[in-house]
Amino acid sequence: APPAPPRPAAPGAVQTASFEATLRAAIQEAVRYPATARMLKRQGRARVGFDFIDGTVSNLRLVQSSGLAAFDEAALAAVQTAAYPPPPPDFAHRRLHLALWVEFRLVND
């Protein structure tokens with residue numbers, strides 16, 4: 001029997017960092033600032049962990065609390081509701097284990 005074709009090489013560090021930045025941007029876009037925190041002028045960040053494969057999130061968890069339950073809940077919700085772009089071909093069918101910061105920063109309008 002002919003030998004099996006070689007497995008495609010895993011994406012490099014630069015490609016992985018770039019795709020993680022794209023995912024982080026999608027999550028930040030989905031953040032809904034908690035009204036109570038906004039009124040109190042609170043800022044913070046929470047670290048969330050999850051697995052990502054082909055646009056689907058699983059194993060979502062809080063890795064590091066922001067210290068404010070409303071931020072923690074909003075961070076988890078943002079990961080669940082984010083509109084993720086299709087993965088580049090190098091990431092298709094590959095499970096990524098991620099831990100990303102979700103930022104809550106007040107911006108003067």
Side-chain angles (χ1 to χ4, degrees):
R7 271 182 67 103
V14 172
Q15 290 171 301
T16 301
S18 176
F19 188 54
E20 284 182 13
T22 300
L23 297 178
R24 186 178 300 107
I27 293 167
Q28 282 298 143
E29 184 67 27
V31 166
R32 298 297 164 251
Y33 212 103
T36 325
R38 185 179 300 281
M39 287 189 319
L40 296 172
K41 298 188 185 312
R42 293 283 306 266
Q43 299 186 95
R45 65 184 189 160
R47 191 162 178 84
V48 294
F50 58 98
D51 294 339
F52 181 90
I53 184 168
D54 295 335
T56 302
V57 169
S58 62
N59 197 25
L60 177 59
R61 65 211 173 276
L62 185 65
V63 175
Q64 185 174 337
S65 173
S66 66
L68 187 65
F71 282 156
D72 296 345
E73 292 166 12
L76 293 169
V79 173
Q80 291 176 318
T81 61
Y84 297 106
D90 289 346
F91 291 94
H93 315 303
R94 290 186 185 271
R95 181 177 308 275
L96 299 175
H97 305 286
L98 302 167
L100 303 175
W101 288 104
V102 179
E103 304 280 338
F104 295 89
R105 298 280 175 241
L106 292 170
V107 179
N108 292 332
D109 295 320

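Just so you know, residue 1 is the first one in the sequence shown, and it goes up from there. Values below: all heavy atoms of this structure, side chains included; hydrogens, waters and symmetry mates excluded.
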- Query: Can you name the residues that form a side chain to side chain contact (heavy atoms under 4.5 Å, CB included) with Thr56, not counting sequence neighbours?
  - Reply: none
- What heavy-atom pair brings Pro34 and Ala70 nearest, and what distance separates the two atoms? CG-O, 3.6 Å
- Item | Results of side chain to side chain donor-acceptor pair (under 3.5 Å) for Arg32 - residues two or more places apart only | none
- Message: Could you work out, with side chain to side chain donor-acceptor pair (under 3.5 Å) as the rule, every residue matching Ser65, not counting sequence neighbours?
- Response: Asp72
- Message: Test of understanding: with side chain to side chain contact (heavy atoms under 4.5 Å, CB included), list the residues that count as partners of Ile53, not counting sequence neighbours.
- Response: Arg95
- Task: Starting at CZ of Phe104, measure out to CZ of Arg38 and round the result to the nearest 0.5 Å.
- Result: 10.5 Å
- Please list, chain by chain and in numerical order, all residues satisfying side chain to side chain contact (heavy atoms under 4.5 Å, CB included) with Gln43, sequence neighbours excluded. Tyr33, Arg105, Leu106
Using atom types as modelled, flag every donor-acceptor pair under 3.5 Å from a side chain in residues 80-87 to any protein atom, sequence neighbours excluded.
from, atom 1, to, atom 2, distance (Å)
Thr81, OG1, Ala77, O, 3.0
Tyr84, OH, Val79, O, 2.7

- Determine the minimum heavy-atom distance between Val63 and Val48, stating which atoms define it. CG2-C, 3.8 Å
- Would you please name every residue forming a side chain to side chain donor-acceptor pair (under 3.5 Å) with Asp54, sequence neighbours left out? His93
- Kindly write out the residues that satisfy salt bridge (Lys or Arg N to Asp or Glu O under 4.0 Å) with Glu29, not counting sequence neighbours, or none if the list is empty. none
- Item | Joint hydrophobic cluster, Leu60 plus Phe71, side-chain heavy atoms closer than 4.5 Å | yes
- What heavy-atom pair brings Arg24 and Leu100 nearest, and what distance separates the two atoms? NH2-CD2, 3.3 Å
- Could you check Trp101 against Gln64 for side chain to side chain contact (heavy atoms under 4.5 Å, CB included), going step by step and ending with a plain yes or no? CA-CA 9 Å; Trp101 288 104; Gln64 185 174 337; 3.4 Å; yes
- Task: Work out which heavy atom in Asp51 is nearest to a heavy atom in His97; give both atom names and the distance.
- Result: OD1-ND1, 2.7 Å
- Item | With sequence neighbours excluded, residues passing salt bridge (Lys or Arg N to Asp or Glu O under 4.0 Å) with Arg47 | none
- Task: Report the C-alpha separation of Asp90 and Phe19 in whole Å, then their side-chain angles, then the decisive distance to 0.1 Å, and conclude whether the side chain to side chain contact (heavy atoms under 4.5 Å, CB included) test is met.
- Result: CA-CA 10 Å; Asp90 289 346; Phe19 188 54; over 6 Å; no
- Between Leu68 and Arg42, which heavy-atom pair has the shortest distance, and what is it? CD1-NH1, 3.9 Å
- Message: Tell me every residue that passes ring-ring contact (aromatic ring centres under 6.0 Å, His included) with Phe50, counting only those two or more places apart in sequence or in another chain.
- Response: none
